[in-house]
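One-based numbering along the sequence shown. Quick note: numbers below take in every heavy atom, side chains included, and nothing from hydrogens, waters or symmetry partners.
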Amino acid sequence: MDALTDSRSLADRAYLRLRSEIIDGNLIPGDRLRAAELHKRFGLGLTPIREALMRLSTEGLVDAESRRGPRVMQASIAELADIMATRREIERLCLTRAIEYGDAAWEAEIVASLHVLSRTPLPDLPDDRGAAVQWEAQHRRFHFALVAACGSNWLLRFWNLLADHSERYRKIRLVNHRVEEAQVRDINAEHTAIMEAVVSRDSARANALMDTHLLATEKAVAQLFNSEAGKLMENNR
């Protein structure tokens with residue numbers, strides 16, 4: 001039993017490490033994922049690495065069917081549009097239910113998470129991944145706080161999966177937020193408006209603001225994909 005537990009623990013460690021590197025952009029779309037190289041890099045056994053790759057393939061983060069071996073799943077504007085359209089549908093459902101069921105503690109976490117997020121700086125340079133990770137963590141905390149009271153663990157599982165995939169794309173914009181095509185808005189003002197609508201229990205306004213917020217991010221990421229700056233950025237990552 002102890003050996004089985006240790007094996008499971010190693011597989012979980014490999015999964016979490018690989019997942020984090022893909023979502024944070026340290027491993028980029030199309031990167032080959034050779035088990036032997038990952039074994040040396042992470043200091044974990046080949047079996048846990050292979051289990052992690054298969055698990056990530058079921059989440060759509062790894063392409064395990066490539067003829068040349070597993071790779072980080074490619075990114076595309078079409079997939080981005082599909083992810084974000086689905087995210088908006090789930091977001092509306094979660095947010096509407098959270099506004100109906102949420103209590104004072106739920107409201108307090110929304111306000112507190114926004115306070116911290118508004119004081120977390122954006123990265124100054126595209127290679128400042130540490131700042132990007134810190135900002136993204138606080139951004140995720142705020143957005144999750146908004147829907148946390150929806151009353152359904154299954155809805156939150158779907159929400160988290162879609163948030164992970166949209167984060168992989170949003171990271172492209174986050175680390176290039178000074179590029180003209182990124183169309184940086186007053187993100188703190190958008191978040192504040194959403195927070196105020198939610199805590200005042202104005203479901204229609206909150207959902208409208210959230211839709212606009214998510215659509216604007218999708219549009220900016222898509223424009224970066226199409227721009228010469230975006231192509232150069234992808235080649236240099």
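- The aromatic ring centroids of H191 and H115 lie 6.0 Å or more from each other.
- A single hydrophobic cluster is seen to contain both L16 and L53, as judged by linkage of ILVMFWY side chains at heavy-atom distances under 4.5 Å, directly or through other members.
- Rounded to the nearest 0.5 angstrom, L33 CG and R50 CZ are separated by 13.0 Å.
- Taking all atoms of both residues into account, the shortest heavy-atom contact from A35 to L46 is O-CD2, 3.5 Å.
- Closest non-hydrogen pair, I90 versus L155, comes out as CG2-O, 4.3 Å.
- T212 places a side-chain N or O within donor-acceptor distance of the main-chain N or O of A208, the cut-off being under 3.5 Å.
- Rounding to the nearest 0.5 Å gives a distance of 8.5 Å between CZ of R71 and CG of D63.
- With 3.5 Å as the limit, one finds a donor-acceptor pair spanning the side chains of T96 and N207.
- Judged by distance alone, the side chains of S113 and R141 never bring a donor and an acceptor atom under 3.5 Å apart.
- Of all heavy-atom pairs between L209 and A197, the closest is CD1-CB, 4.1 Å.
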Step by step, work out the side chain to side chain contact (heavy atoms under 4.5 Å, CB included) result for M210 and L214.
CA-CA 6 Å; M210 181 63 76; L214 295 176; 4.1 Å; yes

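- Under the 4.5 Å side-chain criterion, counting only non-hydrogen atoms from C-beta, F158 is not in contact with R87.
- Contact detail for P48 and G45: the closest heavy-atom pair is CD-O, 3.2 Å.
- Considering all non-hydrogen atoms of both residues, W135 and P121 come closest at CD1-O, 3.9 Å.
- You'll find the side chain of V62 stays beyond 4.5 Å of the side chain of V72, heavy atoms only.
- In terms of hydrophobic clustering, with Ile, Leu, Val, Met, Phe, Trp and Tyr side chains grouped at heavy-atom distances under 4.5 Å, L56 and M54 are assigned to different clusters.
- For the atom pair CZ (R41) and CG (L18), the distance works out to 8.0 Å, reported to the nearest 0.5 Å.
- The nearest pair of heavy atoms linking L44 to I49 is O-CG1, 4.2 Å.
- Within the model, atoms CH2 of W159 and CG of N153 stand 14.0 Å from one another, a figure rounded to the nearest 0.5 Å.
- Y169 places no side-chain N or O within donor-acceptor distance of the main-chain N or O of E79, the cut-off being under 3.5 Å.
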Could you walk me through whether D211 and R92 pass side chain to side chain contact (heavy atoms under 4.5 Å, CB included), step by step?
CA-CA 8 Å; D211 260 12; R92 290 186 202 107; 2.8 Å; yes

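- Salt-bridge check for E37 with R32: failed, with every basic side-chain N at 4.0 Å or more from each acidic carboxylate O.
- Contact of the L61 side chain with the M73 side chain is not registered, since no non-hydrogen atoms from C-beta on lie closer than 4.5 Å.
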With salt bridge (Lys or Arg N to Asp or Glu O under 4.0 Å) as the test, would you mind laying out the steps for E136 and R140 before giving the verdict?
CA-CA 6 Å; E136 194 64 63; R140 180 66 165 263; over 6 Å; no

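- Between S166 and the choices T86, I83, L80, the side chain to side chain contact (heavy atoms under 4.5 Å, CB included) rule is met once, by I83.
- Side-chain contact between L156 and F144 is present, with at least one heavy-atom pair separated by less than 4.5 Å.
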Would L161 and R157 count as a side chain to side chain contact (heavy atoms under 4.5 Å, CB included) here? Give the steps.
CA-CA 6 Å; L161 180 61; R157 287 181 192 178; over 6 Å; no

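- Scanning for side-chain contact (heavy atoms from CB on, under 4.5 Å) contacts around E107 gives V199, R201, with sequence neighbours left out.
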L162 and D164: CA distance, side-chain angles, deciding distance, side chain to side chain contact (heavy atoms under 4.5 Å, CB included) verdict:
CA-CA 5 Å; L162 290 163; D164 284 341; over 6 Å; no

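- A donor-acceptor pair is defined here as one N or O able to donate and one able to accept, closer than 3.5 Å; no such pair exists between the side chain of R205 and the backbone of A193.
- Considering OG of S118 and CE of M195, their distance stands at 9.0 Å, rounded to 0.5 Å.
- Under 4.0 Å is where a charged nitrogen must lie from a carboxylate oxygen, and between R88 and E218 at least one such pair does.
- For the pair D202 and E196, the minimum side-chain heavy-atom distance is 4.5 Å or more.
- For the residue pair Y101/R97, the side-chain donor-acceptor check at 3.5 Å is not satisfied.
- The residues D12 and R55 are annotated as salt-bridged, a charged nitrogen and a carboxylate oxygen being separated by less than 4.0 angstrom.
- Residues E59 and R19 have side chains in contact (heavy-atom distance under 4.5 Å, counting atoms from C-beta outward).
- Within the 4.5 Å cutoff, the side chain of H143 has no heavy atoms near those of the V147 side chain.
- Between the CD atom in E100 and the SG atom in C150 there is a gap of 11.5 Å [rounded to 0.5 Å].
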